[in-house]
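What you see is a predicted model; the values in this text were computed from it and never measured.
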Amino acid sequence: MSVLVFDSGVGGLSILRELRLSLPSASLIYVADDAGFPYGDWEEQRLADRITSLFDRLIAEHRPRLCIIACNTASTIAIEPLRQRFGSTPFVGTVPAIKPAAERTSSGLISVLATPGTVDRAYTRNLVAQFASERHVTMVGAPDLALMAEAYMTGGSVDMDALKTQVLPCFVEREGKRTDIIVLGCTHYPFLANQMRKIAPWPVDWLNPAEAIAHRARAVAGELGTSDPSLAIDRAIFTSGSPDPKLAQLASSFGLTTSGRFSLS
């Protein structure tokens with residue numbers, strides 16, 4: 001079975017890692033829209049149009065049986081248009097794990113750490129209203145964290161003071177209780193989890209949605225039944241056509257072979 005995993009950059013590799021466990025026989029095609037990264041700078045309709053145009057090419061060329069949108073921003077903006085346009089191809093999206101956080105919290109204090117766009121989007125606010133209305137939810141928009149994570153993943157260092165500025169607003173004390181769960185609302189963020197733990201003023205559960213997404217993908221794949229034999233090699237495609245060598249090296253470290261040029265023209 002051919003499974004396409006799409007992200008704005010390389011953060012979705014955190015989900016790809018879990019997909020290998022849930023779908024061990026699948027052939028994985030990882031698509032990083034490095035030409036459009038970061039998505040936080042895009043106007044919503046323009047970004048939705050871009051992602052749809054990308055998938056016109058990707059589905060026509062690779063014919064995946066299943067698509068994983070391994071990006072919160074892309075999921076909240078474009079997954080419904082994608083489902084409408086490609087009705088015969090199932091899509092599994094990535095949204096902030098607010099429901100499981102609301103179910104697991106002991107203190108009742110949850111924080112959602114995400115890009116400013118994800119925090120401000122009505123889709124996210126509706127998740128809070130639907131699943132966490134009886135919890136105290138702090139929304140924290142981190143404008144630089146995805147860029148910091150991508151730089152760290154490709155060998156850069158982490159400015160711990162800058163990291164504190166992005167993350168510490170998640171830690172809230174209220175009526176003698178403290179935040180006990182922080183929802184990681186961007187697939188890049190789990191790669192900074194160890195650094196986040198070092199600056200945390202108290203222990204919290206950093207809720208990474210990758211495992212749940214992989215389980216959902218396995219359920220959808222099971223509904224599709226048997227399919228064509230898998231290709232032998234998992235591949236990475238970068239929409240720039242000429243990725244930074246560090247990005248290509250990172251993809252290789254995840255067992256992905258980098259494909260040739262790609263463009264929208």
Side-chain angles (χ1 to χ4, degrees), residues 3-21 27-42 47 50-51 54 57-58 61-62 68-74 94 113-118 142-167 184-199 206 208-210 213-214 231-265:
V3 176
L4 191 149
V5 183
F6 178 87
D7 186 32
S8 61
V10 291
L13 292 172
S14 63
I15 292 176
L16 179 136
R17 185 166 53 192
E18 293 293 333
L19 286 170
R20 284 215 173 102
L21 300 175
S27 171
L28 301 177
I29 304 167
Y30 186 87
V31 181
D33 186 14
D34 58 325
F37 181 82
Y39 277 178
D41 297 336
W42 285 75
L47 181 57
R50 174 182 178 81
I51 293 170
L54 286 170
R57 280 276 310 276
L58 292 167
E61 292 185 12
H62 302 285
I68 314 293
I69 307 300
C71 173
N72 286 268
T73 299
T94 304
L113 180 64
T115 64
T118 296
D144 304 317
L145 204 53
L147 288 166
M148 292 171 64
E150 190 128 331
Y152 176 69
M153 292 166 68
T154 53
S157 59
V158 177
D159 183 331
M160 299 303 281
D161 288 333
L163 186 65
K164 288 180 181 179
T165 300
Q166 304 281 301
V167 175
L184 298 178
C186 173
T187 53
H188 284 76
Y189 296 174
F191 291 103
L192 289 175
N194 287 337
Q195 285 69 28
M196 291 179 185
R197 291 187 183 98
K198 292 177 182 178
I199 64 165
W206 304 89
N208 176 2
I213 294 163
L231 299 174
I233 300 173
D234 290 344
R235 292 168 287 165
I237 297 170
F238 292 88
T239 59
S240 68
S242 301
D244 184 300
K246 292 180 179 179
L247 292 180
Q249 184 178 5
L250 179 65
S252 178
S253 73
F254 275 78
L256 299 168
T257 297
T258 304
S259 297
R261 297 191 62 82
F262 181 98
S263 70
L264 289 174
S265 59

Worksheet item: For the residue pair Met153 and Leu250, what are the closest heavy atoms and their distance?
Response: O-CD1, 3.5 Å
Item to complete: Would you check if Asp244 and Asp34 make a side-chain contact, meaning some heavy-atom pair closer than 4.5 Å?
Response: no
Practice prompt. Could you tell me which non-hydrogen atom of Met196 sits nearest to which non-hydrogen atom of Leu184, and how far apart they are?
Written response: SD-CD2, 4.2 Å
Worksheet item: With a 4.5 Å heavy-atom cut-off, do Asp33 and Tyr39 have their side chains touching?
Response: yes
Worksheet, complete the sentence: Hits for side-chain contact (heavy atoms from CB on, under 4.5 Å) against Lys198, two or more places apart or cross-chain, chain-then-number order -> Met160
Worksheet item: Minimum heavy-atom separation for Tyr30 to Gly11, with atom names?
Response: OH-N, 3.9 Å
Worksheet item: So how far is it from Ser27 OG to Leu4 CG, rounded to the nearest 0.5 Å?
Response: 10.0 Å
Fill in: Reference residue Thr115; test side-chain contact (heavy atoms from CB on, under 4.5 Å); the match among Leu145, Asp144, Thr73, Asn72
Thr73
Worksheet item: Can you name the salt bridge (charged side-chain N to carboxylate O under 4.0 Å, His left out) partners of Arg20, sequence neighbours left out?
Response: Asp234
Response to the item:
side-chain contact (heavy atoms from CB on, under 4.5 Å) test vs Leu13 passes for just one of Val5, Leu256, Thr187, Asp7, namely Leu256
Worksheet entry | Worked verdict on Thr154 versus Gln249 for side chain to side chain contact (heavy atoms under 4.5 Å, CB included) | CA-CA 8 Å; Thr154 53; Gln249 184 178 5; over 6 Å; no
Item to complete: Of all the heavy-atom pairs spanning Gly36 and Trp42, show the shortest one and how long it is.
Response: O-NE1, 2.8 Å
Practice prompt. To the nearest 0.5 angstrom, please state how far the CD1 atom of Ile237 sits from the CZ atom of Phe6.
Written response: 11.0 Å
Response to the item:
Residue set satisfying side chain to side chain donor-acceptor pair (under 3.5 Å) with Tyr189, at least two apart, ordered chain then number -> none
Discussion item. Applying side-chain contact (heavy atoms from CB on, under 4.5 Å), can you list everything that pairs with Ala149, at least two apart in sequence or on another chain?
Written reply: His188, Leu192
Worksheet entry | For the student: nearest non-hydrogen atoms of Pro243 and Ala248, plus distance | CG-CB, 4.4 Å
Worksheet item: Is Thr94 reaching over with its side chain to a backbone N or O of Ile69, donor-acceptor style, under 3.5 angstrom?
Response: yes
Worksheet, complete the sentence: By side chain to side chain donor-acceptor pair (under 3.5 Å), Asp161 pairs with (sequence neighbours left out) none
Practice prompt. Taking the side chain as every heavy atom from C-beta outward, state whether Phe37 and Thr239 have any atom pair closer than 4.5 Å.
Written response: no
Practice prompt. Starting at OG1 of Thr165, measure out to CG of Asp159 and round the result to the nearest 0.5 Å.
Written response: 8.0 Å
Fill in: Test item: Glu18 and Ile213 side chains (from C-beta on) under 4.5 Å apart, heavy atoms
no
Worksheet, complete the sentence: side chain to side chain donor-acceptor pair (under 3.5 Å) filter on Gln195, not counting sequence neighbours, yields Tyr152
Worksheet item: Of the non-hydrogen atoms in Gly185 and Ala114, which two are nearest, and what is the gap between them?
Response: O-CB, 3.8 Å
